[in-house]
K.L.:
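After the structure tokens below, expect a handful of questions from me.
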Protein chains: 2
Amino acid sequence: MRLSTKGRYGVLAMVELALHYGQGPISIKEISEKHNFSDSYMEQLFSALKNAGLVRSQRGAHGGYLLSRDPSDINVGDIIRALEGPIEVAECANKNENYECIKSLDCLTRGLWEDIRDSINNVIDHRSLRDLMENKSLER
Amino acid sequence: MRLSTKGRYGVLAMVELALHYGQGPISIKEISEKHNFSDSYMEQLFSALKNAGLVRSQRGAHGGYLLSRDPSDINVGDIIRALEGPIEVAECANKNENYECIKSLDCLTRGLWEDIRDSINNVIDHRSLRDLMENKSLER
DNA sequence: CTATAACCCAGCGGAATACTGGGAAATACA
DNA sequence: TGTATTTCCCAGTATTCCGCTGGGTTATAG
């Protein structure tokens, strides 16, 4: 039950961009050197983040990446889903109502997987990059 | 962010035992045939469940496994942790306070991983086998 | 023109996951 | 007493996925 490095590196990198927000682009090299990530691996993550519309890029010398909107407007869920796809604790939990296990015993556990998924989503969808910058926890 | 088959098969198998509670042992064969699991794989899971004290076994003909206590007294968290170890979303989230990342930027994300972990544990620790049998959701 | 960056794509090594197989020891029942 | 049935135990294996490497191309600043 672990997040892959994609999610972890990705969130970390995005926090980095957030801390620089409004101060021009940061290059992949800067980020990966700071955190000891592999350059080309980071590149792939940023490619996905860009496709998801979370960052903008600037090519060429002095180029790099920038957040595409305010840190308070990007939440961790956006980042993780861009990099890892939707949260899916067990296969069946994301299927539609007609999925075969609906009639079998499997269904006794299905609600459980859905609840776990929902609780994860609930955390990551209510935490913005700005919250992380300010080291804020979710008030509960 | 997926549970392994260990966790999924394991919970399912335990629900099966729960449905039979008080009616003698069920063999691995019965369970694995019903759900199309591999016999020997199931065997390994039950070995772990037994070590964790969640089931008792009865060897020989007409033997099998039984819950070691009432279904309402075994929760999903017990089962998943017995089979997969403790929930650990990111490495650092389960380290102690002195872990090195405490001073680095990593810490801005650490609370996040901990919150995700806690929210998962919160779900699985408040759902008993009896709840599953009765298809009860967590009231929220 | 040159250095520096993003971009793009293909492949690969290693670890973990999911599973197989064989042979023991215990128990029920004939 | 013997046989079928079951747990028990351990070792190996197939496969998948994760994390990463490497090659080259295109854009931009100075």
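Throughout, a chain's letter reflects where its sequence line sits, starting with A, and its residues are numbered from 1.
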K.L.:
May I have the distance from L17(A) (atom CG) to dA6(C) (atom P), rounded to whole angstrom?
P.N.:
11 Å

K.L.:
Looking across every strand, which nucleic acid part, if any, lies under 4.0 Å from Y9(B) by heavy atom: base, sugar-phosphate, or nothing?
P.N.:
sugar-phosphate

K.L.:
Would you kindly confirm whether L19(B) and Y21(B) end up in one hydrophobic cluster when ILVMFWY residues are joined by side chain heavy atoms under 4.5 Å apart?
P.N.:
yes

K.L.:
Atom NZ of K29(B) and atom C1' of dC8(D): how far apart are they, to the nearest Å?
P.N.:
17 Å

K.L.:
Taking atom P of dC18(D) as reference, at what distance in whole Å does atom CZ of F37(A) sit?
P.N.:
17 Å

K.L.:
Ignoring backbone atoms, establish whether Y65(A) has a side-chain N or O less than 4.0 Å from OP1 or OP2 of dC7(C).
P.N.:
yes

K.L.:
Could you tell me the separation between the CG atom of L49(A) and the P atom of dC8(C), rounded to a whole number of Å?
P.N.:
14 Å

K.L.:
Which nucleotide, dA6(C), dT5(D), dC8(D), lies nearest any side-chain atom of A61(B)?
P.N.:
dT5(D)

K.L.:
Rounded to the nearest angstrom, tell me the gap between atom CD in Q44(B) and atom C1' in dA16(C).
P.N.:
14 Å

K.L.:
Passes side chain to side chain contact (heavy atoms under 4.5 Å, CB included), L54(B) versus M14(B)? Steps please.
P.N.:
CA-CA 9 Å; L54(B) 301 176; M14(B) 288 293 275; 3.8 Å; yes

K.L.:
Given that H62(B) and R59(A) both sit by DNA chain D, which one's nearest nucleotide is further toward the 5' end?
P.N.:
H62(B)

K.L.:
Answer yes or no: does a side-chain N or O of S47(B) lie under 4.0 Å from OP1 or OP2 of dC8(D)?
P.N.:
no

K.L.:
In this structure, how many angstroms lie between the C1' atom of dA6(C) and the CG atom of L45(A), rounded?
P.N.:
14 Å

K.L.:
As a test of reading the structure: which of dC7(C), dC9(D), dA6(C) is closest to the side chain of E43(B), going by heavy atoms?
P.N.:
dC9(D)

K.L.:
Before giving the answer on side chain to side chain donor-acceptor pair (under 3.5 Å), spell out for S4(B) and Y9(B) the whole-Å C-alpha distance, their side-chain angles and the decisive distance to 0.1 Å.
P.N.:
CA-CA 9 Å; S4(B) 73; Y9(B) 293 3; over 6 Å; no

K.L.:
Does K50(B) make a side-chain N or O approach to OP1 or OP2 of dC8(D) shorter than 4.0 Å?
P.N.:
yes

K.L.:
What is the separation between atom CZ on F46(B) and atom P on dT6(D), rounded to the nearest whole Å?
P.N.:
14 Å

K.L.:
Within the structure shown, what part of the strands sits under 4.0 Å from Q58(A) by heavy-atom distance: base, sugar-phosphate, or nothing?
P.N.:
sugar-phosphate

K.L.:
Looking at dA18(C), I'd like to know if its phosphate oxygens (OP1 or OP2) sit under 4.0 Å from a side-chain N or O belonging to S4(B).
P.N.:
yes

K.L.:
Can you check whether S38(B) has a side-chain N or O nearer than 4.0 Å to OP1 or OP2 of dA18(C)?
P.N.:
no

K.L.:
Rounded to whole Å, how long is the line connecting atom CG of L83(B) with atom C1' of dA16(C)?
P.N.:
16 Å

K.L.:
Do N75(B) and L129(B) pass the side chain to side chain contact (heavy atoms under 4.5 Å, CB included) test, and can you show the C-alpha distance, the side-chain angles, and the key distance before you say yes or no?
P.N.:
CA-CA 6 Å; N75(B) 59 43; L129(B) 283 177; over 6 Å; no

K.L.:
Starting at the 5' end of DNA chain C and moving along, which residue's nearest nucleotide shows up first, N51(A) or Y41(B)?
P.N.:
N51(A)

K.L.:
Give S40(A) one of three labels, base, sugar-phosphate or nothing, depending on what nucleic acid heavy atoms sit under 4.0 Å from its own.
P.N.:
base

K.L.:
Would you kindly confirm whether L66(A) and I28(A) end up in one hydrophobic cluster when ILVMFWY residues are joined by side chain heavy atoms under 4.5 Å apart?
P.N.:
no

